[in-house]
Amino acid sequence: MDRTLILGQNPIFARNAVAALEINGEIFKQEEKNVYISEKYIVTSCYGHLYNLCDIEMYRPNYEKQKNYDWSETELPFCPKKLRFKFCPKDKSVIPWIKIIKKYVNDKSVTNILHFGDADREGEIIVRIALGMAENKKPVYRIWAETQLPTTILEAINGAKPDALYDNIASAGYTKMYCDWLYDINLTRYLTLKINKPNTVYRIGLAQIAILNIIYNREIEIISFKPKKYYTLASQKVSINDEIELNSKHKFKISDKVRAEYLAANYTHDGAKIKKCKYNKRTLDRPRLYSLTTLQNEMSEKHNFSPDYTLELVHDLYEKGFISYPCTPSEYLTKGQIPTVQNIINILIKIGFENISIQENIFNDSKVEYHSAIIPTVRIPNEKEFNEMIEDMRICYNRILYRFLSVFCNDECIINDMQMEILVGSENRENEIINVKGQKLLQKGFLQYDGQLSEKQLPELKENDNVNVRFELVQKETNPPERFTVKTLNQYLENPYGNEMDYEQLRIKNIKDGNEIGTVETRANIIKMLINWGYVILDKTTYKITDKGKELIEAAIQFHIDIGKEKAIQMQQYIQSVYQGKKTTKECVIYMRDEIYHTINSTESN
């Protein structure tokens, strides 16, 4: 009997495919570990990355697995004409899996194969490589599922398209893998041998070294900064039940302390009054849905979650079917998703949420490049499922759910913008105008679910009203540039040239053109590597370079290796060009080989 083999990216995908097919009445038996067989289907999976590219030594004609080779024995740069893969089991239990995959790929009853990898370029090549190593000759079709819900997977199975239609995605994935390997393995060995520190390896990657250099340069700016102390004047006093904070524009040298004290005394004596007062009633725009980056930023700011930890949490939620595909750069949905969103809204209303309905402005096809924004699915966790989550996962899920509720909230959020010009001091002697802004909430709207006002509330005063003041001397000093936080580094990597234009237009343009360092799918793991390699630490929400990180950057500079952001951006542009069909993987690999030859050979000649 003819069967279809479904090869998932990992065991969870395999079990989810089985659950989907059971909706159609398929009855499965588990024949062996991670293998499910029915009348029409055989379902099994990879275990994530089963294969990696070979180390340099494995290209030796007489390679011995157990031998410890000295890196200095290999002439660099090393750029083989054809790259090879090796099996890399995470533990002994995974070793039989390649035999299982090969067995069923070549099973005579299997007439075609369904590729069920994640809906991204990494998922595309994980399964392709496994099929290639199993010497598959059978037709392959692609299951492209935006969620891990059984109904979504079943729909994707029924609508599976030839995997060849996804060749550009795969080519972009292979391009990144091959070029990363060439750069990483050559420059890691080259710099480690040059620095020559006992028992220390200096790992280096193209995106990693560019990001580390950005953090290093900021650290140098901070160290080089010479703060200057000065005095200013400030008042914090209550007027009509609300405090008004007034900060003078005047700055005084430390040597002018007496003059500053004199002015503070005069301001306090002469008082202050409202010169102009303007109120503007308006409706606040609803927030956008989360992209992976904006969710990572918020989880860092509010809960000190690292980007890779947030990614781990949302990927677990995705695999359990509770949220849509999370590795997305978009904060919008497509018009085709309106029926899906309506179903989610209907379910949320049934379980007690109120005042939510379709809001048209969040559906914008032009602002969705790959995947839509992160949203909950129709599978809202019940009390038991919610309680079984770890606390951090519950926090993450609630952020996604309540952002969804705020975006689709019927009620408008109405505020009063308050702007005051306050005359401080006497009109007959020294005085100044201090501008103060505030907001007053008139109707909560979406804030009942998510967010808060950006400005503090001010008392309702009118022109010529007096304002209570008590000015005091405040000693301050000029501040150095701030270290990068999770949020500010993400923003920098999304927009490394600092172009000033509409955020949404810029973000979409940078993704299309490849004008970014890393991607939304890869940045968290790139930075995690820098931390694991000992170059950077994440102190709550702030990145700090370590002595080892400084040592690596300074060695790269000493040996004239170009570690500027431009190289990493150019490589991302090449990968994006492959995805768009404008370049080939071969062209990009040749470019990277030439770059490596130039880097090492020009360094040796200096």
Could you state the interatomic distance from [atom1] ([X]) to [atom2] ([Y]), rounded to the nearest 0.5 Å?
X: K540; Y: T485; atom1: NZ; atom2: OG1; result: 14.0 Å
X: I517; Y: Y497; atom1: CD1; atom2: OH; result: 8.0 Å
X: Y579; Y: R121; atom1: OH; atom2: CZ; result: 10.5 Å
X: D184; Y: L206; atom1: CG; atom2: CG; result: 8.0 Å
X: I422; Y: L461; atom1: CD1; atom2: CG; result: 7.5 Å
X: T310; Y: H303; atom1: OG1; atom2: NE2; result: 9.0 Å

Should T293 and N490 be marked as a side chain to side chain donor-acceptor pair (under 3.5 Å) after you check the CA-CA gap, both sets of side-chain angles, and the distance that decides it? CA-CA 7 Å; T293 300; N490 274 340; 5.3 Å; no
Does the ring center of [X] lie less than 6.0 Å from the ring center of [Y]?
X: Y318; Y: F322; value: no
X: F363; Y: Y332; value: no
X: Y267; Y: F471; value: yes

Does any non-hydrogen side-chain atom of [Y] lie less than 4.5 Å from one of [X]?
X: L233; Y: L246; answer: no
X: I434; Y: E432; answer: yes
X: E354; Y: I349; answer: no
X: N416; Y: Q439; answer: no
X: N468; Y: V238; answer: no

Run the side chain to side chain contact (heavy atoms under 4.5 Å, CB included) test on D411 and F446 for me, step by step, so that the C-alpha distance in whole Å, both residues' side-chain angles and the decisive distance to 0.1 Å come before the verdict. CA-CA 7 Å; D411 296 339; F446 64 79; over 6 Å; no
Do the side chain of [X] and the main chain of [Y] share a donor and acceptor less than 3.5 angstrom apart?
X: T188; Y: I204; result: yes
X: S300; Y: Q296; result: no
X: S406; Y: Y449; result: no
X: N387; Y: E383; result: yes

Nearest heavy-atom pair of [X] and [Y]: which atoms, and what distance?
X: N515; Y: Q573; answer: OD1-NE2, 2.6 Å
X: S239; Y: P459; answer: O-CB, 3.2 Å
X: V486; Y: P307; answer: CG1-CG, 3.7 Å
X: L538; Y: S306; answer: CD2-CB, 3.6 Å
X: R286; Y: C409; answer: NH2-O, 2.6 Å
X: L401; Y: P376; answer: CD1-CG, 4.2 Å

If you measure only the distance, is there a donor-acceptor pair under 3.5 Å linking the side chains of [X] and [Y]?
X: D118; Y: H315; answer: yes
X: Y535; Y: Q208; answer: no
X: N431; Y: E427; answer: no
X: Q337; Y: S372; answer: yes
X: Y492; Y: K565; answer: yes

Hey, is [X] close enough to [Y] for a salt bridge, meaning N to O under 4.0 Å?
X: E245; Y: K237; value: no
X: K487; Y: E298; value: no
X: E421; Y: K275; value: no
X: D365; Y: K335; value: no
X: D539; Y: R483; value: no
X: R470; Y: E472; value: yes
X: R379; Y: E385; value: yes
X: K228; Y: E477; value: no
X: R282; Y: D417; value: yes
X: D256; Y: K253; value: no
X: K197; Y: E551; value: yes
X: K384; Y: E388; value: yes

So, applying side-chain contact (heavy atoms from CB on, under 4.5 Å) with T522, which one of N525, I526, V520 is it? I526
Passes side chain to side chain contact (heavy atoms under 4.5 Å, CB included), T283 versus I415? Steps please. CA-CA 6 Å; T283 301; I415 63 167; over 6 Å; no
Is there a side chain to side chain donor-acceptor pair (under 3.5 Å) between Q342 and N346? Walk through the geometry before answering. CA-CA 6 Å; Q342 185 61 64; N346 292 343; 2.9 Å; yes
Report the relative orientation of the aromatic rings in Y309 and F305; use parallel for angles under 30°, tilted for 30 to 60°, perpendicular for over 60°. perpendicular
For the residue pair Y325 and H371, does the interplanar ring angle fall in the parallel (under 30°), tilted (30 to 60°) or perpendicular (over 60°) class? tilted
Residue pair T232, K476: steps toward the side chain to side chain contact (heavy atoms under 4.5 Å, CB included) verdict: CA-CA 7 Å; T232 188; K476 294 184 177 182; 3.9 Å; yes
Begin from the C-alpha positions of I323 and V314 and carry the test side chain to side chain contact (heavy atoms under 4.5 Å, CB included) through to its verdict. CA-CA 8 Å; I323 65 169; V314 294; 3.9 Å; yes
